[in-house]
*Asks:* 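I am attaching a structure below and will ask some questions about it afterwards.
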Amino acid sequence: MIRYSGRGAFSPEIIDRASGTTVVTEDGRELLDFTSGQMSAILGHSHPEIVATIHAQAERLDHLYSGMLSRPVLDLAERLAGTLPAPLDKAVFLTTGAEANEAALRMAKLVTGKYEIVSFARSWHGMTQAAANATYSAGRAGYGPPAPGNFALPVPDRFRPDIVDADGGLDWRRQLDLAFDLIDAQSAGSLAACLVEPILSSGGVVDLPPGYLAALRDKCHERGMLLILDEAQTGLCRTGDWYAFERDGVVPDILTLSKTLGAGLPLAAVLTSAEIEQAAHERGYLFFTTHVNDPLPAAVGNTVLDVLTRDRLDLRARELGDRLRSGLDELAGKHEVIGDVRGRGLLVGLELVGGPDGADQLGAAVTRRCAELGLHMNIVQLPGMGGTFRIAPPLTATDAEIDRGLEILDKALTDETS
């Protein structure tokens with residue numbers, strides 16, 4: 001196997017099957033999955049309704065010429081637009097988050113006639129060209145020069161503030177003003193778009209402060225820029241709302257979805273307004289790919305919407321999130337090495353701050369111990385942030401599974417710090 005995760009390694013065990021919140025190795029060992037696969041399987045693994053949809057749709061229609069449309073695609077576009085505020089009512093369906101961000105950035109550049117892109121300094125938007133150029137958390141060194149016109153915004157991290165107010169808290173308004181002063185100074189006058197996550201996931205589960213997103217939108221629109229929100233991990237009920245941007249009352253110019261939309265299958269989407277879509281079309285917008293608007297994954301997306309709506313999984317994510325957060329707060333009171341617990345709904349970050357060899361080494365040790373005890377956890381791989389866990393169980397997890405995961409994490413922390 002080509003090793004593709006930077007300096008990381010493959011998991012030592014071969015996975016044989018999975019169901020719900022449980023992953024089973026070839027040796028029969030069970031792991032409680034607190035990452036929803038790659039932060040995607042919001043309905044758990046092998047959800048019976050998704051399995052049935054795949055079987056039925058594969059028998060009827062799986063793939064088409066990229067210029068053809070099918071009923072599952074049209075239905076998904078209409079239904080997805082129905083979950084979103086106006087004017088987000090035009091959609092295209094792709095495969096991965098990187099591809100969706102690529103398509104969104106290409107649209108923004110064409111519509112604005114500009115090329116400069118702004119994103120967070122700890123962002124992760126994908127590994128294809130434009131998405132990778134807007135990614136600062138990893139993967140920039142050693143691949144030649146990035147495309148010109150990419151600028152980084154400082155992250156409004158309230159736990160580790162870099163610009164503080166009189167009380168020592170993060171002064172994010174001043175930070176944002178200074179950031180755009182620098183961007184304006186560097187810009188060639190061609191600012192096209194700002195691409196951000198409402199909660200930076202790979203960047204350490206950093207939830208943007210209330211009010212930040214609205215202020216960022218205003219900065220963008222003052223400069224004729226489009227605001228693109230990447231809700232690969234925060235979309236479709238994970239944060240307790242259908243979309244994370246709802247908390248702030250901010251509607252992006254372009255929205256990208258992936259991961260959660262296919263609940264583990266390769267399905268992504270770009271959504272925008274009729275006005276932006278029309279302008280892009282008039283300029284000859286081109287994003288023709290082999291699997292654009294394929295019927296099989298679109299059928300799965302419709303089933304995902306069915307289950308999310310019927311089972312009110314937005315409310316369930318809030319309930320489970322409160323249970324998870326309460327348990328993690330209790331662990332923070334018990335283990336001095338826990339410095340911060342943050343996030344929304346079922347996307348929660350837990351940051352370690354100590355240990356004899358530093359947080360990075362402690363985080364890796366706790367991750368290994370959790371796996372030995374039957375819990376799969378995801379640790380942020382950024383230098384200096386290796387003690388930050390990204391905790392994202394499926395929205396279909398049970399109360400008992402949340403409690404069991406907390407118990408295992410408690411024991412792993414005890415074993416590695418005693």
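When a residue number appears, it is its place in the shown sequence, counting from 1. All figures in this text were calculated on a predicted structure; none of them were measured in a lab.
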*Asks:* Which heavy atom of Thr239 sits nearest a heavy atom of Ala244, and at what distance?
*Replies:* OG1-CA, 3.9 Å
*Asks:* Donor-acceptor pair, Asn302 side chain versus Ala298 backbone, under 3.5 Å?
*Replies:*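 Yes, because the side chain of Asn302 sits within donor-acceptor range (under 3.5 Å) of the backbone of Ala298.
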*Asks:* What I want to find out is whether Asp241 reaches Arg318 closely enough, with some N-O distance under 4.0 Å, to be called a salt bridge.
*Replies:*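 Between Arg318 and Asp241 there is a salt bridge, with a charged N closer than 4.0 Å to a carboxylate O.
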*Asks:* Could you tell me which non-hydrogen atom of Val205 sits nearest to which non-hydrogen atom of Gly349, and how far apart they are?
*Replies:*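 For Val205 and Gly349, the tightest heavy-atom pair comes out as CG1-N, 3.5 Å.
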*Asks:* For Trp172, which residues count as a ring-ring contact (aromatic ring centres under 6.0 Å, His included) partner, sequence neighbours excluded?
*Replies:* Tyr212
*Asks:* What pairs meet the side chain to side chain donor-acceptor pair (under 3.5 Å) rule with one or both residues in residues 91-103, with sequence neighbours excluded?
*Replies:*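 For residues 91-103: Thr95-Glu99, Asn101-Asp230, Asn101-Thr256, Glu102-Thr128.
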*Asks:* So how far is it from Asp177 CG to Lys219 NZ, rounded to the nearest 0.5 Å?
*Replies:* 3.5 Å
*Asks:* Show the numbers, then the answer: is there a salt bridge (Lys or Arg N to Asp or Glu O under 4.0 Å) between Asp184 and Arg223?
*Replies:* CA-CA 9 Å; Asp184 290 339; Arg223 292 160 175 78; 2.8 Å; yes
*Asks:* Answer yes or no: is there a side-chain heavy-atom contact under 4.5 Å between Val300 and Ile54?
*Replies:*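 A side-chain contact under 4.5 Å exists here.
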*Asks:* Hey, does Leu257 have a side-chain heavy atom less than 4.5 Å from the side chain of Leu271?
*Replies:* yes
*Asks:* Under a 3.5 Å distance rule, please check whether Gln57 uses its side chain to pair with a backbone N or O of Leu61 as donor and acceptor.
*Replies:*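 Checked: pair present.
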*Asks:* So, using side-chain hydrogen bond (donor to acceptor under 3.5 Å, both in side chains) as the criterion, who are the partners of Gln278 when residues are at least two apart?
*Replies:* Glu282
*Asks:* Can you tell me how far OG1 of Thr260 sits from CG of Leu313, rounded to the nearest 0.5 angstrom?
*Replies:*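 Atom-to-atom, Leu313:CG and Thr260:OG1 are 12.0 Å apart.
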*Asks:* Test of understanding: with salt bridge (Lys or Arg N to Asp or Glu O under 4.0 Å), list the residues that count as partners of Glu407, not counting sequence neighbours.
*Replies:*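 Here no residue qualifies.
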*Asks:* Could you list all the side chain to side chain donor-acceptor pair (under 3.5 Å) pairs where at least one residue sits in residues 58-77, not counting sequence neighbours?
*Replies:*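 For residues 58-77: His63-Asp294.
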*Asks:* Please identify each residue that fulfils side-chain contact (heavy atoms from CB on, under 4.5 Å) with Glu319, with sequence neighbours left out.
*Replies:* Arg316
*Asks:* Taking Thr396 for its side chain and Leu43 for its backbone only, find out whether a donor-acceptor pair lies under 3.5 Å.
*Replies:*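 Pair found, side chain donor or acceptor close to backbone of Leu43.
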*Asks:* Just wondering, do Val251 and Leu88 contact through their side chains at under 4.5 Å, heavy atoms?
*Replies:*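 Yes, side chains in contact.
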*Asks:* Check whether any side-chain heavy atom of Val23 sits under 4.5 Å from a side-chain heavy atom of Asp16, and report yes or no.
*Replies:*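 When only atoms from C-beta onward are counted, Asp16 and Val23 do not touch, as no gap falls below 4.5 Å.
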*Asks:* Decide yes or no for Leu105 and Ile117: does some side-chain heavy atom of the first lie under 4.5 Å from some side-chain heavy atom of the second?
*Replies:* yes
*Asks:* Please name all residues satisfying side-chain contact (heavy atoms from CB on, under 4.5 Å) with Ser123, sequence neighbours left out, ordered by chain then number.
*Replies:* Ser119, Phe120, His125, Tyr136
*Asks:* Does atom CE (Met127) have a neighbourhood of more than 12 heavy atoms from anything else shown, all under 6.0 Å?
*Replies:*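 Yes, the 6.0 Å shell around CE holds more than 12 heavy atoms from other groups.
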*Asks:* Taking side-chain contact (heavy atoms from CB on, under 4.5 Å) as the definition, give me every residue that meets it alongside Glu30, ordered by chain and number, with sequence neighbours left out.
*Replies:*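 Once residues adjacent in sequence are excluded, the partners of Glu30 under the side-chain contact (heavy atoms from CB on, under 4.5 Å) criterion are Thr22, Val24.
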*Asks:* Just verifying a value: how many Å separate Leu208 CG and Leu200 CG, rounded to the nearest 0.5 Å?
*Replies:*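 Separation between the atoms: 6.5 Å.
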*Asks:* Does a side-chain heavy-atom distance below 4.5 Å link Val270 with Phe287?
*Replies:* no
*Asks:* Give me the atom names and distance for the closest heavy-atom approach of Leu176 to Ala215.
*Replies:* CD2-CB, 3.8 Å
*Asks:* Return the OG to CZ distance between Ser201 and Arg122, rounded to the nearest 0.5 Å.
*Replies:*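 With rounding to 0.5 Å, OG (Ser201) is 12.0 Å from CZ (Arg122).
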*Asks:* How far does CH2 of Trp242 sit from CG of Leu236, to the nearest 0.5 angstrom?
*Replies:*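 The CG atom of Leu236 is 6.0 Å from CH2 of Trp242, to the nearest 0.5 Å.
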*Asks:* Does Asp207 pair with Arg342 as a salt bridge, N-O distance under 4.0 Å?
*Replies:* no
*Asks:* For the pair Ser40 (side chain) and Gly37 (backbone), establish whether a donor and an acceptor sit closer than 3.5 Å, ignoring hydrogens and angles.
*Replies:* no
*Asks:* Taking NZ, NE, NH1 and NH2 as the nitrogens, is one of them in Asp165 or Arg174 under 4.0 Å from a carboxylate oxygen of the other?
*Replies:*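 No.
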*Asks:* Please answer whether the main-chain N or O of Gln129 pairs with a side-chain N or O of Asn133 as donor and acceptor at a distance below 3.5 Å.
*Replies:* yes
*Asks:* If you count every heavy atom of other residues, nucleotides or ligands that lies below 6.0 Å from Tyr4 atom OH, does the total exceed 12?
*Replies:* no
*Asks:* Heavy atoms only: give me the nearest Ala121-Val155 pair and the separation to one decimal.
*Replies:*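 Taking Ala121 first and Val155 second, the nearest heavy atoms are N-CG2, 4.0 Å.
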*Asks:* Write down the atom of Ala317, the atom of Leu346, and the distance for their closest heavy-atom approach.
*Replies:* O-CG, 3.9 Å
*Asks:* Less than 4.0 angstrom from a charged side-chain N to a carboxylate O is my criterion; do Arg160 and Asp340 meet it?
*Replies:*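 So Arg160 does not pair with Asp340 through a salt bridge.
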*Asks:* Does a side-chain heavy-atom distance below 4.5 Å link Ser36 with Ile42?
*Replies:* no
*Asks:* Give the intermediate values and the outcome of side chain to side chain donor-acceptor pair (under 3.5 Å) for residues Asp33 and Thr35.
*Replies:* CA-CA 6 Å; Asp33 184 4; Thr35 67; 2.8 Å; yes
*Asks:* Could you check whether any side-chain N or O of Gln186 sits under 3.5 Å from a backbone N or O of Leu182, counting only pairs where one atom can act as donor and the other as acceptor?
*Replies:* yes
*Asks:* If you compare all heavy atoms of Ile402 against all heavy atoms of Leu320, which two are closest, and at what distance to 0.1 Å?
*Replies:* CG1-CD2, 3.7 Å
*Asks:* Going by the rule side-chain hydrogen bond (donor to acceptor under 3.5 Å, both in side chains), which residues pair with Glu13 if we only count those two or more places apart in sequence or in a different chain?
*Replies:*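 Applying side-chain hydrogen bond (donor to acceptor under 3.5 Å, both in side chains) to Glu13 gives Arg29.
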*Asks:* So, Glu231 and Arg238, do they make that salt bridge, N to O below 4.0 Å?
*Replies:* no
*Asks:* Just to verify, what does Lys114 make a salt bridge (Lys or Arg N to Asp or Glu O under 4.0 Å) with, not counting sequence neighbours?
*Replies:*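 With neighbours one apart ignored, the set is empty.
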*Asks:* Would you find more than 12 non-hydrogen atoms of other residues, nucleotides or ligands less than 6.0 Å from Phe10 atom CZ?
*Replies:* yes
*Asks:* Can we say Asp314 and Arg312 salt-bridge, meaning some charged N sits less than 4.0 Å from an Asp/Glu carboxylate O?
*Replies:*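 Salt bridge between Asp314 and Arg312, a charged N being under 4.0 Å from a carboxylate O: yes.
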*Asks:* Which residues satisfy the side-chain contact (heavy atoms from CB on, under 4.5 Å) test with Ala52, sequence neighbours excluded?
*Replies:* none
*Asks:* Using atom types as modelled and distance alone, determine if a side-chain donor or acceptor of Tyr285 lies under 3.5 Å from a backbone N or O of Ala103.
*Replies:* yes
*Asks:* Assess the residue pair Ser187 and Glu116 against the criterion (side chain to side chain donor-acceptor pair (under 3.5 Å)); give the C-alpha distance rounded to whole Å, side-chain angles, the decisive distance to 0.1 Å, and a yes or no.
*Replies:* CA-CA 8 Å; Ser187 170; Glu116 294 173 331; 2.5 Å; yes
*Asks:* Looking at OG1 of Thr21 and NE2 of His376, how far apart are the two atoms once the value is rounded to the nearest 0.5 Å?
*Replies:* 14.0 Å
*Asks:* Taking the side chain as every heavy atom from C-beta outward, state whether Val353 and Phe159 have any atom pair closer than 4.5 Å.
*Replies:*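 Of all side-chain heavy-atom pairs linking Phe159 with Val353, at least one is under 4.5 Å.
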*Asks:* Between Glu49 and Arg310, is there a side-chain N and carboxylate O pair less than 4.0 Å apart?
*Replies:*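 Between Arg310 and Glu49 there is a salt bridge, with a charged N closer than 4.0 Å to a carboxylate O.
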*Asks:* Taking only residues two or more places apart in sequence or in another chain, which ones pass ring-ring contact (aromatic ring centres under 6.0 Å, His included) with Tyr243?
*Replies:*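 Listed in chain order: Phe245.
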*Asks:* Check Arg79 with Asp306, please: is the shortest side-chain N to carboxylate O separation under 4.0 Å?
*Replies:*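 Arg79 and Asp306: salt-bridged.
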*Asks:* Run the numbers on His45 and Ser19 for side chain to side chain donor-acceptor pair (under 3.5 Å), then give the verdict.
*Replies:* CA-CA 5 Å; His45 298 280; Ser19 178; over 6 Å; no
